[in-house]
Structure formats: C-alpha cells, structure tokens
Asker: 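Before we start, here is the structure in question, set down as structure tokens.
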Amino acid sequence: MPELPEVETVRLAISEVVNKALIEKVDIFRYDLRWKIKHDLKNNLEKDFFKTPFRLGKYILIPTNKDNVLLIHLGMSGQIKIQNKKYKKTKHDHLNILVKTQCNLTYTITYNDPRRFGFIDLLKKKDIHKHFLLNKLGFEALSKELTINNLKPLLKNRTKSIKNTLIDQTVIAGIGNIYASEILYKAKIHPFRSTNSLSDIDLKTIIKACRFILKKAIKLGGTTIKNHAQPDGKLGYFKQKLKVYGKAGEKCFSCKNNIINSSIAKRSTYYCDNCQM
DNA sequence: CTCCTGACCTGAGTGC
DNA sequence: TGCACTCAGGTCAGGA
C-alpha cells in the first residue's frame with residue numbers, strides 16, 4: 001500500500017490516540033515479518049507511555065517516555081487499525097497494542113499485513129539515525145531540504161531513468177511507484193529520461209510537482225488501490241485524482257492520446273508519451 | 001559508486 | 001471448479 005501520503009495518513013490517525021497514552025498491553029501473534037520482531041519488544045514497551053509520532057520517509061516512529069522509539073513500516077500490504085470496541089482477531093493480524101489515553105479511553109491498535117513485507121522494531125532514541133533502515137534515507141520529500149542544490153550532487157552520476165531515481169529512498173524519502181508516475185506526469189517529464197540529463201529547470205519542476213501531488217494526496221487520505229485504508233476503515237480518496245497510474249489505454253486528460261504502461265526496473269510506469277518530454 | 005536481479009510473502013485476477 | 005500464471009503500493013543483499 002503505502003507511500004508517503006498513506007503513511008502520513010496513518011501517522012495522523014495514530015497521533016489522535018497515542019499521545020501521552022499508557023501502553024497497557026502488547027500482543028505479538030507473529031514475529032516473522034520482513035525481519036524478526038525482537039522478542040523483548042513486548043516487555044520493553046508495556047507500562048511505558050507514547051509521545052507524539054513522527055515520520056521519516058515511509059517509516060512511522062513513535063517515541064516513548066523511556067526514550068525508546070517504536071518503528072513501524074507497512075511494506076506493501078500493511079495496515080493499521082484503531083478500534084475502541086472489543087478486539088476480534090482477523091486474518092493477518094500480527095501485533096496488537098492496547099493503549100489507554102489520558103481521558104481513560106481504551107484503544108486497540110492492530111498491525112495487519114498479509115504479505116509480511118512490513119516490519120516493526122523498537123530502538124533507542126539516540127540510535128534512530130544509526131538504524132539499518134533509516135541511516136541511508138535521502139531528503140524528505142516534503143521538507144525544505146529537498147532543493148535543487150541539495151539534489152544535484154546526488155544525481156550527477158546517475159544514468160538510470162528519473163522514474164527509477166524518484167523511488168530510490170536514498171535520494172528522496174517517501175515517493176513510491178504510484179506517485180512517481182503521477183509526479184512526472186504533473187511535471188511533464190518523460191519517465192525514461194536519464195536522471196543526469198535533467199536541467200535545473202526540469203528538477204525544479206519535479207520538486208514542485210512532488211510537493212503538489214503528495215500534499216494533495218495527504219489531504220485526501222492517500223490512495224486506495226487494494227489494501228490501504230485509513231486506520232478508522234475509511235478508504236484513501238486520492239485514487240479518484242490519479243491522472244495516469246493504473247490508466248493504461250485511457251485518454252490523457254490534456255492531449256487525449258492514450259496513456260501508456262511500460263516497465264521500468266520491472267515496475268509498471270504510466271505516462272503520456274505526447275505530454276511528457 | 002551505480003545499476004540490475006532475485007528474493008521475501010499472500011491474494012486477486014485472468015485464461016485455459 | 002481447478003490449475004497455472006501474472007501482477008501488486010517495498011526494499012534488501014549480492015553481484016556485475
């Protein structure tokens with residue numbers, strides 16, 4: 001499911017219930033996600049208190065009073081569900097966190113992930129930037145650090161296509177396969193263009209399109225293709241705003257040519273061959 | 001370094 | 001109904 005807008009949607013929903021909440025109970029049903037969940041995660045988390053969650057790329061991080069940080073990655077098919085009714089286990093629920101808020105409300109936060117490409121870990125606050133999943137992340141897609149000057153040195157030796165570069169988390173953190181196509185369509189840049197062939201103006205246009213598309217998608221709760229849902233069960237409504245992703249054979253909104261689907265690095269890439277140069 | 005492939009998993013959809 | 005096959009929002013390790 002989850003690229004930056006979906007992860008941010010989930011983070012915002014988690015924030016509503018975990019801030020200053022007591023972690024009453026942690027239940028782990030399956031340890032073997034993309035990597036094994038640490039066996040002491042349960043003991044190190046219970047009876048601690050959550051603070052305000054933040055996000056790095058596609059990772060959700062929830063600090064605690066004891067200076068631990070709970071890391072959540074949703075992989076391809078991960079979902080977070082937040083419920084205040086009695087919990088009933090469903091298929092592919094792998095982990096539950098029972099929290100009690102300051103107002104004494106109780107919520108079950110459930111991590112569900114059919115493909116188990118996601119991951120959950122607990123790390124020390126001081127080790128965040130040393131963590132093997134976080135230490136190579138590039139510039140945050142929505143941060144002020146994403147500028148031409150910062151990007152240029154990273155891109156100058158890259159010969160692969162700009163589409164492939166955009167989903168490289170060590171360059172820009174947060175963009176995935178759906179939004180890479182959407183951003184390049186918005187920027188009118190052809191996805192096959194080699195990265196180091198782009199001019200400053202091209203890069204500027206891409207950065208602008210990136211901010212525009214991602215912000216708009218967050219406003220609409222992300223994109224639901226298959227698995228993604230907001231933690232309260234609502235879908236992500238950016239799907240209705242997609243211009244090219246999943247639209248092979250349909251007419252381009254601008255020039256009425258057919259949208260093309262073509263593989264780049266074995267991942268489907270949608271574009272208009274006429275509008276994108 | 002950079003780039004490419006295969007691997008990790010389950011489920012939905014398609015065609016015979 | 002069954003089976004074989006393809007594809008899916010991610011990302012790491014290993015090798016060229």
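Here is how names work: the chains are called A, B, and so on, in the same order as the sequence lines, proteins then strands, and each is numbered from 1.
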Asker: Rounded to whole Å, please give me the gap between NZ in A:Lys91 and P in B:dA12.
Answerer: 8 Å
Asker: Got a sec, which pairs hit salt bridge (Lys or Arg N to Asp or Glu O under 4.0 Å) with one end in residues 158-170 of chain A, sequence neighbours left out?
Answerer: A:Arg158-A:Asp168, A:Lys160-A:Asp168
Asker: Nearest to the side chain of A:Lys58, heavy atoms from C-beta on, is which of B:dT10, C:dG10, C:dC12?
Answerer: C:dG10
Asker: For the pair made of CG in A:Leu33 and P in C:dT11, what is the distance, rounded to whole Å?
Answerer: 15 Å
Asker: Pick the nucleotide of DNA chain C nearest each of A:Asn261 and A:Trp35; which residue has the one closer to the 5' end?
Answerer: A:Asn261
Asker: Whole-Å distance between B:dC8 C1' and A:His94 NE2?
Answerer: 13 Å
Asker: Given atom CG of A:Leu74 and atom C1' of C:dA8, what is their separation to the nearest angstrom?
Answerer: 16 Å
Asker: Under 4.5 Å side-chain heavy-atom separation, chaining through any Ile, Leu, Val, Met, Phe, Trp or Tyr, what else clusters with A:Ile264? Say none if it is isolated.
Answerer: A:Phe192, A:Ile260, A:Tyr271
Asker: Write down the distance separating the P atoms in C:dT6 and B:dG6, rounded off to the nearest Å.
Answerer: 13 Å
Asker: Quick one: salt bridge (charged side-chain N to carboxylate O under 4.0 Å, His left out) partners of A:Arg211, sequence neighbours excluded?
Answerer: none
Asker: Any side-chain donor paired with an acceptor under 3.5 Å for A:Ser161 and A:Asn164?
Answerer: no
Asker: Run through the side-chain heavy atoms of Ile, Leu, Val, Met, Phe, Trp and Tyr, join any pair under 4.5 Å, and report what else lands in A:Phe132's cluster.
Answerer: A:Trp35, A:Phe54, A:Leu56, A:Tyr59, A:Leu61, A:Val69, A:Leu71, A:Phe119, A:Leu123, A:Ile128, A:Leu133, A:Leu134, A:Leu137
Asker: Check the distance between C:dT11's P and A:Phe119's CZ and give it to me in whole angstrom.
Answerer: 13 Å
Asker: Can you pull out the residues from residues 123-136 of chain A that lie within a 4.0 Å heavy-atom distance of DNA chain C?
Answerer: A:Leu133
Asker: With stacking defined as ring centroids separated by under 5.5 Å and planes differing by under 30°, is A:Phe117 stacked against C:dT11?
Answerer: no
Asker: Enumerate donor-acceptor pairs with a distance under 3.5 Å from any side-chain N or O in residues 242-259 of chain A to protein atoms, sequence neighbours excluded.
Answerer:
residue	atom	partner	partner atom	Å
A:Lys251	NZ	A:Asn258	OD1	3.1

Asker: May I ask you to verify whether the side chain of A:Arg116 and the base of B:dC9 hold a donor-acceptor pair under 3.5 Å?
Answerer: no
Asker: Taking atom P of B:dT10 as reference, at what distance in whole Å does atom CG of A:Asp93 sit?
Answerer: 15 Å
Asker: Does the distance from a Lys or Arg side-chain N to an Asp or Glu carboxylate O, for A:Lys38 and A:Asp121, drop under 4.0 Å?
Answerer: yes
Asker: Tell me the interatomic distance from A:Asp113, atom CG, to C:dA8, atom C1', rounded to whole angstroms.
Answerer: 13 Å
Asker: For A:Tyr245, answer base if it contacts any base atom (sugar-phosphate contacts may also be present), sugar-phosphate if it contacts only those atoms, and nothing otherwise; contact means non-hydrogen atoms under 4.0 Å.
Answerer: sugar-phosphate
Asker: Please determine whether a side-chain nitrogen or oxygen atom of A:His92 lies at a distance below 4.0 Å from atom OP1 or OP2 of B:dT10.
Answerer: no
Asker: With rounding to the closest Å, how many angstrom separate the P atoms on B:dC9 and C:dG14?
Answerer: 16 Å
Asker: By side chain to side chain donor-acceptor pair (under 3.5 Å), which residues pair with A:Thr9, not counting sequence neighbours?
Answerer: none
Asker: Between the base of C:dA8 and the side chain of A:Arg267, is there a donor and acceptor pair under 3.5 angstrom?
Answerer: no
Asker: According to ring pair (Phe, Tyr, Trp, His ring centres under 6.0 Å), who are the partners of A:Phe50, at least two apart in sequence or on a separate chain?
Answerer: none
Asker: Keeping to residues at least two apart or across chains, list the salt bridge (Lys or Arg N to Asp or Glu O under 4.0 Å) pairs with something in residues 263-277 of chain A.
Answerer: none
Asker: Answer yes or no: is there an ion pair linking A:Asp93 with A:Lys81, defined by an N-O contact shorter than 4.0 Å?
Answerer: yes
Asker: In whole Å, I'd like the distance from the CD1 atom of A:Ile225 to the C1' atom of B:dG13.
Answerer: 15 Å
Asker: Apart from A:Ile201 itself, what residues make up its hydrophobic cluster, given side-chain heavy atom links below 4.5 Å?
Answerer: none
Asker: May I ask you to decide whether A:Arg55 forms a salt bridge with A:Glu140, counting only side-chain N to carboxylate O separations under 4.0 Å?
Answerer: yes
Asker: Where the side chain of A:Ser268 is concerned, which of C:dG10, C:dA8, B:dG11 is the nearest nucleotide?
Answerer: C:dA8
Asker: Please tell me which of the listed nucleotides, B:dG11, C:dC12, C:dG10, lies nearest to the side chain of A:Pro2?
Answerer: C:dG10
Asker: Anything below 3.5 Å on both distances counts as a pair; with that, list the stems of at least three consecutive Watson-Crick or G-U pairs involving DNA chain C.
Answerer: B:2-8 with C:10-16, B:10-16 with C:2-8
Asker: If a protein heavy atom is under 4.0 Å from the base, mark B; if only from the sugar-phosphate, S; if neither, -; do that for nucleotides 2-7 of chain B going 5' to 3'.
Answerer: SSSSS-
